[in-house]
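Down below is the structure, laid out as structure tokens.
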Amino acid sequence: MRRDRSVAGDTARVFGYFPVLKKRLHQQAGTLSGGEQQMLAIGRALMSRPRLLLLDEPSFGLAPILVQEIFRILKVINQEERMGILLVEQNARLALDLVGQVFLLETGQVVASGPPQQIAADESVRRAYLGQ
């Protein structure tokens, strides 16, 4: 556990991103909704002041409205805090809106890479992964 003086500031910053967590401050983590648990996991990671945030399927099992909110916050964190984010995500549309570089994997092999605009413009990628 951190005991330095900046803990209060970091906690306030996390509550700024996820105000619902402040309302649930005294609630056990296991009793939070799935979306709240995902917010808590991200918040806990942010408390360690990482330079790179690693996320594995942050949208998995969540309601679409919560997914949109979490991804909106991740974009803010990435841009305002200049924090790198390594994202593994099945929802290609969401991922393309968040990231600056894409590595498209298929059975463990990189089948495409580049900026999201380039990947999204690729006709074969759009048909196979974006349903267009």
Side-chain angles (χ1 to χ4, degrees):
M1 295 197 45
R2 287 179 44 194
R3 299 192 191 281
D4 57 90
R5 293 183 179 162
S6 60
V7 170
D10 289 344
T11 302
R13 184 184 61 157
V14 168
F15 286 157
Y17 290 131
F18 306 110
V20 69
L21 294 180
K22 188 171 186 175
K23 295 176 188 175
R24 308 273 193 265
L25 185 59
H26 299 289
Q27 188 173 335
Q28 290 186 353
T31 64
L32 298 172
S33 73
E36 291 167 345
Q37 286 184 21
Q38 188 65 273
M39 292 175 192
L40 179 61
I42 295 168
R44 287 181 65 190
L46 292 174
M47 290 298 292
S48 69
R49 295 184 172 184
R51 289 184 282 165
L52 177 66
L53 190 60
L54 306 174
L55 298 165
D56 184 13
E57 297 285 347
S59 70
F60 184 75
L62 301 182
I65 192 85
L66 283 173
V67 171
Q68 293 294 332
E69 179 65 7
I70 288 172
F71 271 73
R72 182 192 66 75
I73 293 166
L74 289 172
K75 191 169 201 161
V76 169
I77 291 167
N78 174 251
Q79 292 173 346
E80 290 183 2
E81 296 193 25
R82 309 282 302 151
M83 184 179 300
I85 296 176
L86 177 60
L87 175 69
V88 176
E89 179 60 57
Q90 292 280 333
N91 188 329
R93 289 182 201 279
L94 279 174
L96 288 173
D97 288 339
L98 177 64
V99 301
Q101 184 72 14
V102 175
F103 295 91
L104 184 59
L105 301 177
E106 191 171 290
T107 61
Q109 300 293 316
V110 176
V111 295
S113 65
Q117 301 83 358
Q118 175 187 333
I119 298 299
D122 184 311
E123 181 67 29
S124 62
V125 170
R126 284 202 327 264
R127 278 195 314 269
Y129 300 98
L130 300 174
Q132 297 177 343

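Since the model is a prediction, treat every value here as computed from it, not as a measurement.
More than 12 heavy atoms of other shown residues, nucleotides or ligands fall within 6.0 angstrom of atom CG in Leu25. Surrounding CD of Gln28 are at most 12 heavy atoms belonging to other residues, nucleotides or ligands under 6.0 Å away.
Judged purely by distance below 3.5 Å, without hydrogens or angles, the side chains of Ser113 and Gln101 never pair a donor atom with an acceptor atom. Side-chain atoms of Tyr17 and Glu80 form no donor-acceptor pair, as typed in the model, at a separation below 3.5 Å.
Proximity of a side-chain donor or acceptor of Ser6 to a complementary backbone N or O of Gly9 within less than 3.5 Å is not detected. A donor-acceptor distance shorter than 3.5 angstrom exists from the side chain of Arg126 to the backbone of Ala121, with no hydrogens or angles considered. Side-chain atoms of Glu69 never come within 3.5 Å of backbone atoms of Ile73 as a donor-acceptor pair (strictly under, hydrogens ignored). Between the side chain of Lys75 and the backbone N or O of Asp97, at least one donor-acceptor pair lies under 3.5 Å. Judged purely by atom type and a 3.5 angstrom limit, Gln37 has no side-chain atom pairing as donor or acceptor with the backbone of Gly34.
Taken together through direct or relayed side-chain contacts under 4.5 Å among Ile, Leu, Val, Met, Phe, Trp and Tyr, Ile119 and Phe103 form parts of separate hydrophobic clusters. Under the 4.5 Å side-chain heavy-atom criterion for Ile, Leu, Val, Met, Phe, Trp and Tyr, Leu55 and Phe60 are members of distinct hydrophobic clusters. Linking Ile, Leu, Val, Met, Phe, Trp and Tyr residues whenever their side-chain heavy atoms come within less than 4.5 Å leaves Leu86 and Met83 in two separate clusters. Using a 4.5 Å cut-off between side-chain heavy atoms of Ile, Leu, Val, Met, Phe, Trp and Tyr, with links allowed through other members, Ile70 and Val88 fall into different hydrophobic clusters.
Residues Gln90 and Glu57 meet the side-chain proximity criterion, which asks for heavy atoms closer than 4.5 Å. Using a 4.5 Å cut-off on side-chain heavy atoms (C-beta onward), Lys22 and Pro19 make no contact. Looking at heavy atoms from C-beta onward, Ile77 lies in side-chain contact with Leu46 at the 4.5 angstrom threshold. Counting heavy atoms from C-beta on, the side chains of Asn78 and Leu53 never come closer than 4.5 Å. Contact of the Met47 side chain with the Arg13 side chain is not registered, since no non-hydrogen atoms from C-beta on lie closer than 4.5 Å. Residues Ile42 and Phe18 meet the side-chain proximity criterion, which asks for heavy atoms closer than 4.5 Å. Looking only at side-chain heavy atoms (C-beta outward), Gln68 and Leu94 come within less than 4.5 Å of each other. You'll find the side chain of Leu52 stays beyond 4.5 Å of the side chain of Ile85, heavy atoms only.
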Side chain to side chain contact (heavy atoms under 4.5 Å, CB included) evaluation trace for Leu54 with Leu87: CA-CA 6 Å; Leu54 306 174; Leu87 175 69; over 6 Å; no
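Residues passing the side chain to side chain contact (heavy atoms under 4.5 Å, CB included) test with Glu106 are Val111, Tyr129, sequence neighbours excluded.
Contact record, Ala45 with Pro50: O-CD, 3.3 Å, taken as the closest heavy-atom pair. Of all heavy-atom pairs between Gly35 and Leu62, the closest is N-CD2, 3.4 Å.
Leu96 pairs in a side chain to side chain contact (heavy atoms under 4.5 Å, CB included) with only one of the listed residues (Val125, Val102, Asn91), which is Val102.
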